[in-house]
Amino acid sequence: MSNNTKIAESELSSSHSMIDRKTCVYVWTIHSYHMDENYASSTFAGACDDFKWWLELFRSENDEIIVSLSPDRNKNSDKCSPLSGNLKITLSNNDGTWYRSSEASFQFELNKTDPFFELDICDGKELKNGLGCSNRIFVWCHVEYGYMKKPASLFELTSLSRDFERIRTAEDLSDVTISVNGKNYPVHKVILAARSSVFNAMFRNDMQENQKNHIMITDMEQEAFEEMLHYIYTGEMRRLDEWAFELLPAADKYDLEELKKGCEGILITKLSAENVGKILVLADMHNAEELKASALRFIKVNYSNCGDFENTEIWKILTESRPSLMKDMLAVVFEK
């Protein structure tokens with residue numbers, strides 16, 4: 001099965017982004033099909049969704065009947081990427097006495113090139129025999145997909161957020177200090193407690209950190225912590241493209257769910273053959289379900305036909321550090 005998945009460098013800004021999941025079903029009728037012509041559908045979308053797609057149907061030089069799925073660039077230019085999901089295509093004749101189906105997972109990005117995903121459905125001879133005297137084809141498309149979008153309301157800080165950021169940087173009325181690898185950050189209990197259930201419990205209970213008004217953090221870089229602190233005070237997510245890998249565990253640890261989702265979204269855009277194993281382990285350790293599903297889908301798309309899979313870096317990482325993931329990964333990669 002051919003797979004022209006195109007994956008390019010992400011062009012996302014570090015603005016806040018959230019993952020959205022959709023399902024779309026579309027039936028395309030080609031009333032008068034001829035073997036040597038290419039066909040393009042109208043654009044279509046799922047219910048209550050403005051994200052649009054379009055299909056192409058054509059015969060390859062090897063006599064394969066192929067259906068290609070593409071996002072409509074004009075409608076989707078404001079969406080972040082990549083898109084990832086599952087596609088099922090069924091071709092049937094006029095009276096339903098013949099049909100052929102194919103399905104696969106896909107992942108690609110919206111960028112300066114034209115992204116598309118192809119499925120081989122059958123060969124030309126098989127289609128010709130299936131159509132019989134009729135030249136009408138029904139193309140049934142079922143696509144489940146996810147993408148990231150940027151809420152316009154979060155492109156700028158509100159006046160309230162700016163005020164809280166000034167309080168943080170001016171250190172006014174601070175009542176607790178957080179030390180990160182030797183650097184002290186005076187902060188405010190009430191703000192941290194309001195934003196994080198973990199900090200809330202820490203300050204309400206008779207813990208050593210609460211008694212001494214001093215918290216030690218040793219598992220974060222100072223810059224990553226500063227970005228987390230900025231988010232806690234303002235709600236703005238900055239530099240996620242740089243710090244998402246470090247911030248996701250921290251967001252999970254301190255119960256900052258929105259920040260965690262933002263990190264998931266950015267890491268999905270950074271999936272590659274070199275890092276997918278590490279990202280899959282990270283997602284599994286910190287219950288990042290969207291990221292885990294996307295990493296498994298990436299592995300399936302890129303390695304489902306790999307005869308030397310056991311020698312890949314992914315296999316080595318999972319064997320050494322997360323053997324419990326093996327079952328999940330193998331079930332996805334080699335599912336029929």
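A quick note: this is a predicted structure, and the numbers were derived from the prediction, not measured.
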**Q** Do side-chain atoms of Asn205 reach the backbone of Met202 as a donor and acceptor pair under 3.5 angstrom?
**A**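 The answer is no, because no donor-acceptor pair under 3.5 Å joins these two groups.
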
**Q** Yes or no on side chain to side chain contact (heavy atoms under 4.5 Å, CB included) for Val139 and Leu57, after CA distance, side-chain angles and deciding distance?
**A** CA-CA 9 Å; Val139 183; Leu57 186 146; 4.0 Å; yes

**Q** Would you say Val143 and Val27 are hydrophobically clustered, going by side-chain heavy atoms of ILVMFWY under 4.5 Å?
**A** no

**Q** Would a hydrophobic clustering, with Ile, Leu, Val, Met, Phe, Trp and Tyr connected at side-chain separations under 4.5 Å, put Leu259 with Tyr254?
**A** yes

**Q** Mind listing the closest non-hydrogen atom pair of Glu236 and His230 along with its distance?
**A** OE1-NE2, 2.6 Å

**Q** Any heavy-atom pair between the side chains of Tyr185 and Val176 that's under 4.5 Å?
**A** no

**Q** What are the two closest heavy atoms between Leu267 and Phe245, and how far apart are they?
**A**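 Of all heavy-atom pairs spanning Leu267 and Phe245, the closest is CD2-N, 4.0 Å.
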
**Q** Report yes if the side chains of Leu87 and Cys141 come closer than 4.5 Å at any heavy-atom pair, otherwise no.
**A** yes

**Q** Should the pair Asp284-Lys292 be classified as a salt bridge under the 4.0 Å nitrogen-to-oxygen rule?
**A** yes

**Q** For Lys270, does its backbone N or O pair with a side-chain atom of Asn275 as donor and acceptor, under 3.5 Å?
**A**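 Here the side-chain-to-backbone pair exists.
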
**Q** Is there a donor-acceptor contact under 3.5 Å from the side chain of Ser102 to the main chain of Ile121?
**A**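 Side chain of Ser102 to backbone of Ile121, a donor-acceptor pair under 3.5 Å: no, none is there.
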
**Q** Roughly how far, to the nearest 0.5 Å, is CG of Leu280 from CE of Met285?
**A** 12.0 Å

**Q** Shortest non-hydrogen contact from Met35 to Gly124?
**A**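 Closest pair (atom of Met35, atom of Gly124, distance): CE-O, 3.3 Å.
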
**Q** Does one side chain, of Asp255 or Ser197, offer a donor that lies under 3.5 Å from an acceptor on the other?
**A**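 Per modelled atom types, Asp255 and Ser197 side chains form a pair under 3.5 Å.
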
**Q** Can you list the steps and then say if Arg100 with Glu126 is a salt bridge (charged side-chain N to carboxylate O under 4.0 Å, His left out)?
**A** CA-CA 9 Å; Arg100 289 293 181 272; Glu126 189 176 8; 2.3 Å; yes

**Q** Is the charged tip of Arg195 near the ring of Tyr231: under 6.0 Å from the six-membered ring centre and within 45° of its axis?
**A** yes

**Q** Between Phe106 and Trp53, what is the ring plane arrangement, given parallel below 30°, perpendicular above 60°, and tilted in between?
**A**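 Judged by the thresholds at 30° and 60°, the geometry between Phe106 and Trp53 is perpendicular.
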
**Q** Under the side chain to side chain contact (heavy atoms under 4.5 Å, CB included) criterion, do Arg239 and Leu247 qualify, and how do the steps go?
**A** CA-CA 10 Å; Arg239 301 173 65 190; Leu247 281 172; over 6 Å; no

**Q** Specify the closest pair of heavy atoms between Phe298 and Leu271, including all atoms of both residues, with the distance to one decimal.
**A** CE1-O, 3.7 Å

**Q** Might you work through the side chain to side chain contact (heavy atoms under 4.5 Å, CB included) test for Asp175 and Leu173, ending with a clear yes or no?
**A** CA-CA 6 Å; Asp175 52 3; Leu173 306 176; over 6 Å; no

**Q** Quick one: closest heavy-atom pair of Tyr99 and Ser92, and the distance?
**A** CB-CB, 3.9 Å

**Q** Between Leu91 and Ile65, is any pair of side-chain heavy atoms under 4.5 Å apart?
**A**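 Leu91 vs Ile65: side chains touch.
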
**Q** Do Met329 and Leu318 have side chains that get closer than 4.5 Å, going by heavy atoms?
**A**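 They are in side-chain contact.
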
**Q** State the NE2-CG distance between His286 and Asp252, to the nearest 0.5 angstrom.
**A**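 Rounded to the nearest 0.5 Å, the NE2-CG separation comes out at 6.0 Å.
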
**Q** For the residue pair Phe138 and Trp140, does the interplanar ring angle fall in the parallel (under 30°), tilted (30 to 60°) or perpendicular (over 60°) class?
**A**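 Rings of Phe138 and Trp140: tilted, as their planes differ by 30° to 60°.
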
**Q** Determine whether more than 12 heavy atoms belonging to other residues, nucleotides or ligands lie under 6.0 Å from atom CZ of Phe225.
**A**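 Counting neighbours around CZ of Phe225, more than 12 heavy atoms of other residues, nucleotides or ligands fall under 6.0 Å, so yes.
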
**Q** Hydrophobic cluster membership, with links at side-chain heavy-atom distances under 4.5 Å among I/L/V/M/F/W/Y: are Leu69 and Val25 in one?
**A**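 Hydrophobic grouping puts Leu69 apart from Val25.
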
**Q** Below 4.0 angstrom, N of the basic side chain to O of the carboxylate: do Arg59 and Asp123 qualify?
**A**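 Looking at Asp123 together with Arg59, the answer is no, because their closest N to O distance does not fall below 4.0 Å.
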
**Q** Counting only heavy atoms not in Gln222, do more than 12 fall under 6.0 Å of its CD?
**A** yes

**Q** Could you measure the distance from the CG atom of Asn181 to the CE atom of Met216? Nearest 0.5 Å is fine.
**A** 8.5 Å

**Q** I need the Leu256 CG to Leu248 CG distance, nearest 0.5 Å.
**A**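 Nearest 0.5 Å value for the CG-CG distance: 11.0 Å.
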
**Q** Going by distance alone, is a donor N or O of one side chain under 3.5 Å from an acceptor N or O of the other, for Asp95 and Thr97?
**A** yes

**Q** Once you round to the nearest 0.5 Å, how far does CG of Leu131 lie from CG of Asn94?
**A**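 CG of Asn94 is found 9.5 Å from CG of Leu131.
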
**Q** Going by atom types alone, do Tyr233 and His188 pair a side-chain donor with an acceptor below 3.5 Å?
**A**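 Checked: Tyr233/His188 side chains pair up, N/O donor to acceptor below 3.5 Å.
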
**Q** Measure the shortest side-chain to side-chain distance between Phe199 and Lys189 over non-hydrogen atoms and say whether it is less than 4.5 angstrom.
**A** no

**Q** Determine, for Glu258 against Lys261, whether the closest basic-nitrogen to carboxylate-oxygen distance falls under 4.0 angstrom.
**A** no

**Q** Measuring only between side-chain heavy atoms, which start at C-beta, is Ser42 closer than 4.5 Å to Trp28?
**A**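 With C-beta onward as the side chain, the pair stays apart.
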
**Q** Can any side-chain N or O of Glu264 pair as donor or acceptor with the backbone N or O of Glu290 at less than 3.5 Å?
**A**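 Yes: the side chain of Glu264 pairs with the backbone of Glu290.
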
**Q** Checking Ser196 against Asn200: is there a side-chain donor and acceptor pair closer than 3.5 Å?
**A**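 Note: Asn200 and Ser196 side chains miss the donor-acceptor criterion.
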
**Q** So if you build clusters from Ile, Leu, Val, Met, Phe, Trp, Tyr with side-chain heavy-atom gaps below 4.5 Å, do Trp54 and Phe116 land together?
**A** no

**Q** If we only count heavy atoms from C-beta on, is the Glu227 to Met237 side-chain gap below 4.5 Å?
**A** no

**Q** Just wondering, do Arg168 and Ile232 contact through their side chains at under 4.5 Å, heavy atoms?
**A**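 SC-SC contact between Ile232 and Arg168 ruled out.
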
**Q** For the residue pair Tyr33 and Tyr39, does the interplanar ring angle fall in the parallel (under 30°), tilted (30 to 60°) or perpendicular (over 60°) class?
**A** tilted

**Q** Going from OG on Ser32 to CD1 on Ile137, what distance comes out if it is rounded to the nearest 0.5 angstrom?
**A** 10.0 Å

**Q** Would Arg136 and Thr29 satisfy side chain to side chain contact (heavy atoms under 4.5 Å, CB included), going step by step from the backbone distance to the final call?
**A** CA-CA 7 Å; Arg136 179 179 292 182; Thr29 304; 4.0 Å; yes

**Q** At their closest point, which heavy atom of Thr90 faces which heavy atom of Ser101, and how far apart are they?
**A**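 Thr90 and Ser101 have their closest heavy atoms at OG1-OG, 2.6 Å.
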
**Q** Under a 3.5 Å cutoff, is there a donor and acceptor pairing between the side chains of Asn184 and Thr177?
**A** no

